Amino acid sequence: MRGVIIDVDHDLGNREETIIRIFVRTEKGTEMFLERYEPYVYVIGDDLDKIAEKLRNVEGVTSAEKTNRLIRWEKRDVLLVRLKHNKYAKDLRDAVKEMGGECREHDIPVERKYLYERRITPMQTVEIEAENGWVREIRPSEGSVPVKIAAFDLEMYAQDRMPDPKRDEIIMASYVDSDGNKTVITTKKIDAPFVKTVETEEQIISELNRLIRENDPDIIFTYNGDAFDLPYLKERAHVLGLKIPWGRDGSEPRIRRSGGGNTTVEITGRAHVDVFQIIQFMAAVGAINTFKLDLENVYKTVLGREKVKIEHRDIAEVWRSGNLEDLALYNLQDSEACYELGMEFLPLYEELARITTSTLYNIVRMSTSQIVEWKLIQEAYVAGKIVPRKPKEEEVRARMMQSYAGAFVRQPIPGLHENIVVLDFRSLYPTIIISHNVDPDTVNAPYCSREEAYVSPVGHYFCKEPKGLLPRMLEEVLKERFALKDRMKKMDKSDPEYRIVYAKQQALKIIANSAYGYLGFARARWYSKECAEAITAWARKYIQDVMKKAEEFGFKVLYGDTDSVFLVLPEGWGVEKAFEFLEKINAELPKPMTLEFDGFYKRGIFLTRRGGQGAAKKKYALIDEKGNLKITGMEYVRRDWAEIAKEVQKRVLELVLGEGKPDKAVEYVRRIIDDIRAGKVPKEKLIIYTQIRRDLDRYEAKGPHVAAAIKAMRRGVKIEPGMIIGYVITRRGKSISDKAELAAFAEDGDYDPEYYIHNQVLPAVMPILEELGYTERDLSKGSAQKTLFDFT
DNA sequence: TAATTCGCTAGACCGA
DNA sequence: TCGGTCTAGCGAA
């Protein structure tokens, strides 16, 4: 039988032996297969024979065989101890400790060990031979089997408060799936083809149960189902005396509490994919950029489509006396948008799951560090290396105290520049790791001499042989990724295969880009400050070398940050000179380090810093020959600036860089200032968005965003860490904080024009205009408002 | 329980 | 009232 592995776990009810359960989608449907398994634990120590002898009498141990594994760079004898059940692991550890040994890999989950040993992974197609559901053999196979996918969403009735499952009923549930089912279940009669009206709330739940059981999806998408929909549904069902037996073994969803008080919800035999978790992750790695992560915003920015939005606080009212068709449509579109977003990222996550031998459920909830770590653990298994232990809390604290030097950022030359070439290193940190064999096990290792090592600019040395686990992994990852990118170039974008190839290379990119940060991450098993600081030291050296050589070659070096250089072409030089330079540099670089051509810009501007003192780093704008403007670091790209300031800044840059008409820019700014004074600016353009990052009473300095949040809280608005709030500076109050009010509490037209002129628009545009010789005074010339200007 | 350092700027805060 | 310092947030890479 052939199929795709959807989920792997072990029977939690059985405490005597370990029964691995593998849920496989086959052509006929999804089936559960079982296999008895004995998880392993390694024991290291001096007198292994004696320990082995004693261990054979310890409860739960089925075998203890001597074998060898690599511990860091050393091949050592270890005991491979097998257990009947993982519940014996704790006692084993204590017993081993008493015998003078130590356990290793006791904290790797049983399912993972099983998958490593069978050399299979979730989301992979496998061939299974089974008897009465018991696996005889399971092995990787070719081809694919389509999986079944669904999404659902709930609406609750709660008047002016957060819905509470103890009191507040579920009024609507929507369900969509890959078979084309689309349903909204509700208790009111609504005239829409997709609505199914039932009598009671209980029937909404049982109807949803039926849809899940009958359609039997392998993947269930939710949007915030971890924190909200699923815990709510489960508790509400219990309040009503119902169950939600969505698990493939008839179990209810399991709510797991992680450290930060966050919950995740697991459904046996299915992959509960909370798309909100994916979106948060994609925002963290910079793959998507929206300041609000609510479904409507994300749907718009990721897929470019709009959906109906009804504010949570309005749902109760619409339900009582509003347009029910709208509410039903909103509910349906929540499921549809969630489904479409999930489908957008599914290929990426399937690939990440395969690369790291993780279930879809797990991978969707991992951070970048966890992804790297599980990838390394998987590689360690294959290489016969024992996985390092997790650091103790004390160790973590000590590591966090230690900082190290990072990237080099060149002081830019302020002002306007023309004919700018940007060059950058392709995957700089990963290629440094590969070319210098940077690894926690090769750094300052005793088994090689300094002559057999790469010596970093800060003095750490790295044995050239053998290849470390990390550089070996990254070499594979980069090789594969570059091959995929080449393939993509030859493909048609409409080819369905294109998306898959794109997702594969994106998965590899995430891993490559996270490796360096992982080394400097205090909770990492493979933490190494020495490696992290050697990488940045080499990076500084290489980029500064390039700058020096560029100058010798005849370029003017304008700027550079971490892995890039901005060069000005001298009079009469064409872009081909840059390629000539690249060739020269690349001939000298160790493999696979490569300097690449990134772009040519006809004009660019670097601005003098607020306090004077030269040009600001990490803030500039470039425009290419087609007129495409690229703005970096400036107010325009920051969410904590009002739209009016950002919009004006962008327009000024267009006029200055694109059209070369600074006079027009000055005229334009003048007009905007008049508009602001005249009270013509709509509220949406005045909102400043800022994240509340802690509990409100824990702020030492109460900035405007905190002040606005406190006022809103007193009016009954719930403010929680992590929320992004939007506020407006009104006329009411003395300090800026006094005047700050959440946008919801600010009347249209109630804004402080002087604040928006002097603290928003002018700071965004004056540095640009000043670079061209204008002063603030020039903005008032000929203006009817001249006398109102306060220049002092 | 979950990647790093470098850098800019605002607005509050505090003491002279 | 002024100017320096500190807190806080966000972005670049």
Side-chain angles (χ1 to χ4, degrees), chain A residues 257-262 264 280-281 284-286 289 291 365-374 390-391 393 396 399-400 402-412 424-425 427-429 510-529 531-533 535-537 539-540 543 559-564 607-611 613-620 631-641 645 688-694 698-707 724-725 729 734-740 755 758-760 763-764 767:
Chain A
R257 276 177 180 74
S258 57
N262 295 329
T264 64
Q280 272 191 321
F281 179 89
V285 300
N289 188 16
F291 49 83
R365 291 159 181 83
M366 281 183 198
S367 67
T368 51
S369 266
Q370 287 171 299
I371 292 173
V372 171
E373 189 152 282
W374 285 117
K390 285 186 196 163
E393 273 312 301
V396 171
R399 288 175 178 184
M400 284 200 285
Q402 303 216 358
S403 191
Y404 61 91
F408 170 71
V409 189
R410 172 117 163 175
Q411 182 64 56
D424 67 358
F425 279 99
S427 303
L428 178 63
Y429 289 179
I510 286 169
I511 289 173
N513 285 351
S514 309
Y516 153 75
Y518 174 78
L519 286 170
F521 171 49
R523 309 191 107 90
R525 291 173 190 258
W526 278 273
Y527 170 87
S528 171
K529 195 196 96 164
C531 288
E533 78 182 338
I535 292 164
T536 57
R540 292 193 298 273
I543 200 67
Y559 176 63
D561 184 350
T562 312
D563 60 354
S564 68
L607 309 176
T608 302
R609 290 206 301 169
R610 252 261 168 290
Q613 311 295 307
K617 298 169 178 180
K618 298 183 188 281
K619 289 184 89 169
Y620 57 87
I631 303 174
T632 306
M634 305 198 356
E635 288 72 9
Y636 176 72
V637 300
R638 297 179 62 96
R639 74 159 164 233
D640 55 351
W641 281 75
I688 296 161
Y689 292 94
T690 310
Q691 188 179 179
I692 295 293
R693 301 216 284 195
R694 52 181 85 164
R698 305 211 334 149
Y699 277 95
E700 275 181 57
K702 292 191 185 8
H705 66 299
V706 180
I724 289 161
I725 59 154
I729 303 302
K734 262 188 96 185
S735 71
I736 294 168
S737 285
D738 292 340
K739 295 177 183 176
Y755 173 82
H758 292 284
N759 297 41
Q760 291 284 327

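Convention: sequence-line order gives letters A, B, ...; per-chain numbering from 1. Remember, predicted model here, so these are calculated numbers, not experimental data.
Under the 30°/60° scheme for interplanar angles, the aromatic rings of Y518(A) and W526(A) are found to be tilted.
Two residues are said to be in side-chain contact when any heavy atoms from C-beta on lie closer than 4.5 Å; Q760(A) and I688(A) meet this criterion. Side-chain contact between V285(A) and N513(A) is absent, with no heavy-atom pair separated by less than 4.5 Å. Put simply, the side chain of R399(A) does not reach to within 4.5 Å of the side chain of R523(A), judged on heavy atoms. Counting heavy atoms from C-beta on, the side chains of V396(A) and Y527(A) never come closer than 4.5 Å.
For R694(A), whose side chain is taken as the heavy atoms from C-beta onward, the closest listed nucleotide among dA8(C), dT4(B), dC10(C) is dA8(C). Distance from the side chain of S737(A) is smallest to dA12(B) among dT7(C), dA12(B), dA13(C). Counting only heavy atoms from C-beta on, I736(A) has its side chain closest to dG11(B) among dA13(C), dC10(C), dG11(B). You'll find that the side chain of R610(A) is closest to dA10(B), out of dA10(B), dA3(B), dT1(B). Proximity note for Y404(A) (side chain, C-beta onward) versus dT5(B), dG11(C), dG9(C): the nearest is dT5(B). Relative to the side chain of T690(A), the nucleotides dA10(B), dA3(B), dG9(C) differ in distance, and dG9(C) lies closest. Among the nucleotides dC6(B), dT1(B), dG9(C), the one closest to the side chain of R523(A) is dT1(B). Residue D561(A) places its side chain closer to dA13(C) than to any other of dA2(B), dT4(B), dA13(C). In the set dT4(B), dT7(C), dC8(B), dT4(B) carries the atom at the smallest distance from any side-chain atom of Y516(A). Taking every side-chain heavy atom of Y755(A) into account, dG11(B) is the closest of dG11(B), dT4(B), dA12(C).
Contact annotation for A532(A): no contact, since no heavy-atom pair falls under 4.0 Å across all strands. As judged by a 4.0 angstrom heavy-atom cut-off over every strand, G517(A) is placed among the base-contacting residues. If you check every strand for non-hydrogen atoms under 4.0 Å, K390(A) touches a base. Across all strands shown, A515(A) has no heavy atoms under 4.0 Å from either base or sugar-phosphate atoms.
Rounded to whole Å, the distance from OH on Y689(A) to P on dG11(C) is 14 Å. Distance Q760(A) CD to dG11(B) C1': 12 Å, rounded to the nearest Å. When the C1' atom of dT4(B) is taken as reference, atom CZ of F408(A) falls 19 Å away, rounded to whole Å. Rounded to a whole Å, the CD atom of E700(A) is 11 Å from the P atom of dG9(C). Here dA8(C) presents its P atom at 16 Å from CZ of R638(A), a figure rounded to the nearest Å. Taking atom CZ on R609(A) and atom C1' on dG7(B), their separation rounds to 9 Å, with Å as the unit. Atom-to-atom, CD of E393(A) to P of dA2(B) comes out at 11 Å; the value is rounded to the nearest Å. Going from atom NZ of K702(A) over to atom P of dC6(C) covers 19 Å, rounded to whole Å.
The environment of Y636(A) atom OH is sparse: at most 12 non-hydrogen atoms of other residues, nucleotides or ligands sit within 6.0 angstrom.
In terms of phosphate contacts, T562(A) brings no side-chain nitrogen or oxygen within less than 4.0 Å of OP1 or OP2 of dA13(C). Phosphate contact (OP1/OP2 of dA3(B), side-chain N/O of S514(A), threshold under 4.0 Å): absent. OP1 or OP2 of dA8(C) has not a single side-chain nitrogen or oxygen of H705(A) nearer than 4.0 Å. Residue Y620(A) places at least one side-chain N or O closer than 4.0 Å to OP1 or OP2 of dA13(C). An OP1 or OP2 oxygen of dT5(B) is reached within less than 4.0 angstrom by a side-chain nitrogen or oxygen of S403(A). Taking 4.0 angstrom as the limit, K619(A) places none of its side-chain polar atoms (N or O) nearer than this to OP1 or OP2 of dC8(B). Contact annotation: Q370(A) does not reach the phosphate of dT1(B) (side-chain N/O to OP1 or OP2, under 4.0 Å).
Residues Y429(A) and Q411(A) each lie close to DNA chain B; by heavy-atom proximity, the contact nearer the 5' end of the strand is made by Y429(A). Residues N513(A) and K618(A) each lie close to DNA chain B; by heavy-atom proximity, the contact nearer the 5' end of the strand is made by N513(A).
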(request) Could you give me the CA-CA distance, side-chain angles and deciding distance for T536(A) and E533(A), then say whether side chain to side chain donor-acceptor pair (under 3.5 Å) is met? (result) CA-CA 5 Å; T536(A) 57; E533(A) 78 182 338; over 6 Å; no
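Atom P of dA2(B) sits at a distance of 27 Å from the matching atom of dA13(C), rounded to the whole Å.
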